[in-house]
Structures are given as structure tokens and as C-alpha cells.
Amino acid sequence: METWHDRRIEAGQDFAGEIDAHIEADEIILLLVSPDFLNSDYCYEIEMTRALERHKAGEAIVIPVILRDCLWHGAPFGKLMATPTDGRPVTQWPDIDHAFRLVAEAVQAAAKRIGNSQAVTRPSAAPSNIQNTQSVNRSTPDQVIRSSNLRVAKTFTDRDRDAFQTEAFDFMAKYFENSLSELSVRNPEIDGSFRRLDANRFSAVAYHNGQAASRCTVFMGGRHMGGHCLHSDRKCRHQRVQ
């Protein structure tokens, strides 16, 4: 597969013409949905409209990719199956890498549905960052024969270790916060409470019919992270992670 987006348009090229050419020719079109996408007249009214026309005609596959939370269900593409799973915005997944893997799998599945039809010839352009609309076309690259093990051992500094610990702690906090929120959505009898106590501590509580069923506090200090959990059976568990 070969990817294209409007940041690959070079200086001096016809901006609208380049976009139109890909909207008219490419076989898979991703709508990168966010409030900015919905508020963009060009993306929403011109690019998306033509993409959906080709989708309805069976000339292309349009896949909505929900990046950020917004009112997209009532949009013209709202009846299409979105990705990641259940149309949950990428930013609300505890592990964003997992969310983008689901997006990649959706694109792969669409490419398989297209089958072995001849790839569309497309203009070349220089790579850059992804913007609101991205299109995908299939091509057959030259086979590259090389070793699969090219990783070189890395020496980690104290700064690397401290940065990793901070990132891991922030990831855990987001994991607890999003998981409690999703737990409440799927189970009306359960309500969750998440509090970021300070830069190095957070707490989470799960209530079942108003009664605290589980409490957890996680903290970071020095070169260690730890925490304790208290469940409804009153058993307490303390753990420290180095």
C-alpha cells in the first residue's frame, strides 16, 4: 500500500487539484475525524462529500477514523463502520498504540476486500505529516532482503530511566481514569471516581450501587512506583515496583 495526504503537496503545485486527483482515484480513503475535521468546510463539504459518493458507487472504500471525541454520529458518514472498535476516539484509549493498530488492521481488511484489481497510477510527492484526510492506494514494492534483527543494544542514562518512570506513571493514571469511565458506561450500577492527587499520586474508587467496592492509590517516589488497593472484602494489598 502507498499512502498520500495533503501535506505531501509541494510548493507550486495546485493544492485543490492534487487533492481532487486523489479523491477521484484512490481506492481507500480515511476520514480522520475530530472537531477540526467537522469544522473544516473544505474537508467536510468538498472532500468528504465526493469520497462518500465514490463509496456509494462502489468505486472506493471510505473508513472513518475517530481521532478525538466529537458529534460525528449524525454526520453523512455516521452510518459507516468506524475505527477504532465501536468508534471510540483514539485519544480515549489507555494504549494509543493499540488504538492505531486497530486502525491499521481495518485498513488491511479493506485492502483485502478490494482484491487483486490493478493499482491506480498516482502522482509522486514528498512525505510529511498526516492531516485531516488521508488516502491509501495499493502498489507492489520491490522486495527487500535483509536481516530482521538490526537492533543495537542501548545504554540507558539516569535521565532515560527517570523519563521512562514518569511516562509509565502517566500512562497508568490514564489507564485507570479511562477504564473507570468505560466501566461506568457499560455497567450503570457502577460509578467510578478518579483523582489526580498531585504530580506523583492518584487515587481511583469503584462504587457498586453507591458502596465502595474497590479503592486504589498509586504513587511514584525516587526510583520506585507503588500502591495499595482495598477491596470490598477488606483485603489490602501493597506493592512496590522498582
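Just so you know, these numbers come straight off a predicted model, no measurement behind them. Numbering of residues begins at 1 and proceeds along the displayed sequence.
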Practice task
Using modelled atom types only, decide if a donor and an acceptor are shared between the side chain of S214 and the backbone of A206 within a distance under 3.5 Å.
Solution key: no

Problem - Ionic contact status for R50 with E53, cut-off 4.0 Å - result: yes

Exercise for the section: Taking all non-hydrogen atoms of both residues into account, name the closest pair between A99 and P84 and its distance. Expected result: O-CG, 3.9 Å

Problem - Heavy-atom side-chain proximity of F194 to N178 below 4.5 angstrom - result: no

Practice task
Spell out, as yes or no, whether a donor-acceptor pair under 3.5 Å connects the side chain of T166 to the backbone of D162.
Solution key: yes

Practice task
Taking the side chain as every heavy atom from C-beta outward, state whether T91 and K174 have any pair of such atoms under 4.5 Å apart.
Solution key: no

Completion exercise
With sequence neighbours left out, the residues meeting ring pair (Phe, Tyr, Trp, His ring centres under 6.0 Å) with F77 are none

Problem - Side-chain heavy atoms of S193 within contact of L180, under 4.5 Å - result: no

Practice task
With rounding to the nearest 0.5 Å, note down the distance linking CD in Q92 to CG in D69.
Solution key: 5.0 Å

Exercise for the section: Kindly give the heavy-atom pair with the smallest separation between P89 and R68, and that separation in Å. Expected result: CB-C, 3.8 Å

Practice task
State whether the number of non-hydrogen atoms from other residues, nucleotides or ligands found under 6.0 Å of R196 atom CZ is greater than 12.
Solution key: yes

Completion exercise
For F176 and A204, the nearest pair of non-hydrogen atoms, with its separation, is CD2-CB, 3.9 Å

Exercise for the section: Find the distance between NZ (K56) and CG (L80) and round it off to the nearest 0.5 Å. Expected result: 11.5 Å

Problem - Distance (rounded to the nearest 0.5 Å) between D26 CG and I61 CD1 - result: 12.5 Å

Problem - Side chains of W93 and T85 in contact at under 4.5 Å (non-hydrogen atoms) - result: yes

Practice task
Rounded to the nearest 0.5 Å, what's the gap from CD1 on I66 to NE2 on H73? Could you check?
Solution key: 7.0 Å

Fill in the blank from the handout: In this structure, CD1 of I29 is separated from CD of E24 (nearest 0.5 Å) by 8.5 Å

Problem - CD (Q211) with more than 12 external heavy atoms under 6.0 Å - result: no

Handout entry: Other residues, nucleotides, ligands: >12 heavy atoms within 6.0 Å of F100 CZ
Key = no

Practice task
With the side chain counted from C-beta on, respond yes when P76 and T49 share a heavy-atom pair under 4.5 Å apart, and no when they do not.
Solution key: no

Problem - Close side-chain approach of N200 and F219, heavy atoms under 4.5 Å - result: no

Handout entry: Nearest heavy-atom neighbours spanning S34 and C70
Key = C-SG, 3.9 Å

Problem - Cluster link F171 to L102, ILVMFWY, side chain under 4.5 Å - result: no

Practice task
Answer yes or no: are there more than 12 heavy-atom neighbours, outside Y175 itself, under 6.0 Å from its atom OH?
Solution key: no

Problem - Check: R195 side chain, S203 main-chain N or O, donor-acceptor pair, under 3.5 Å - result: no

Practice task
May I ask you to test the H208-N187 pair for a side-chain heavy-atom distance under 4.5 Å?
Solution key: no

Problem - Electrostatic pair R101:D95 at N-O distance under 4.0 angstrom - result: no

Practice task
Considering non-hydrogen atoms only, spot the tightest contact between V107 and I63 and give its length.
Solution key: CA-CD1, 4.3 Å

Handout entry: Hydrophobic cluster membership, F164 vs M172, 4.5 Å side-chain cutoff
Key = no

Practice task
Could you check if a side-chain atom of L30 sits within less than 4.5 angstrom of a side-chain atom of I28, using non-hydrogen atoms only?
Solution key: yes

Problem - Residue pair P64 / M81: nearest heavy atoms and the distance that separates them - result: CD-O, 3.6 Å

Handout entry: Salt bridge R161-D158, side-chain N to carboxylate O under 4.0 Å
Key = yes

Practice task
Could you grab the distance from atom CH2 of W72 to atom CG of L38, nearest 0.5 Å is fine?
Solution key: 10.5 Å

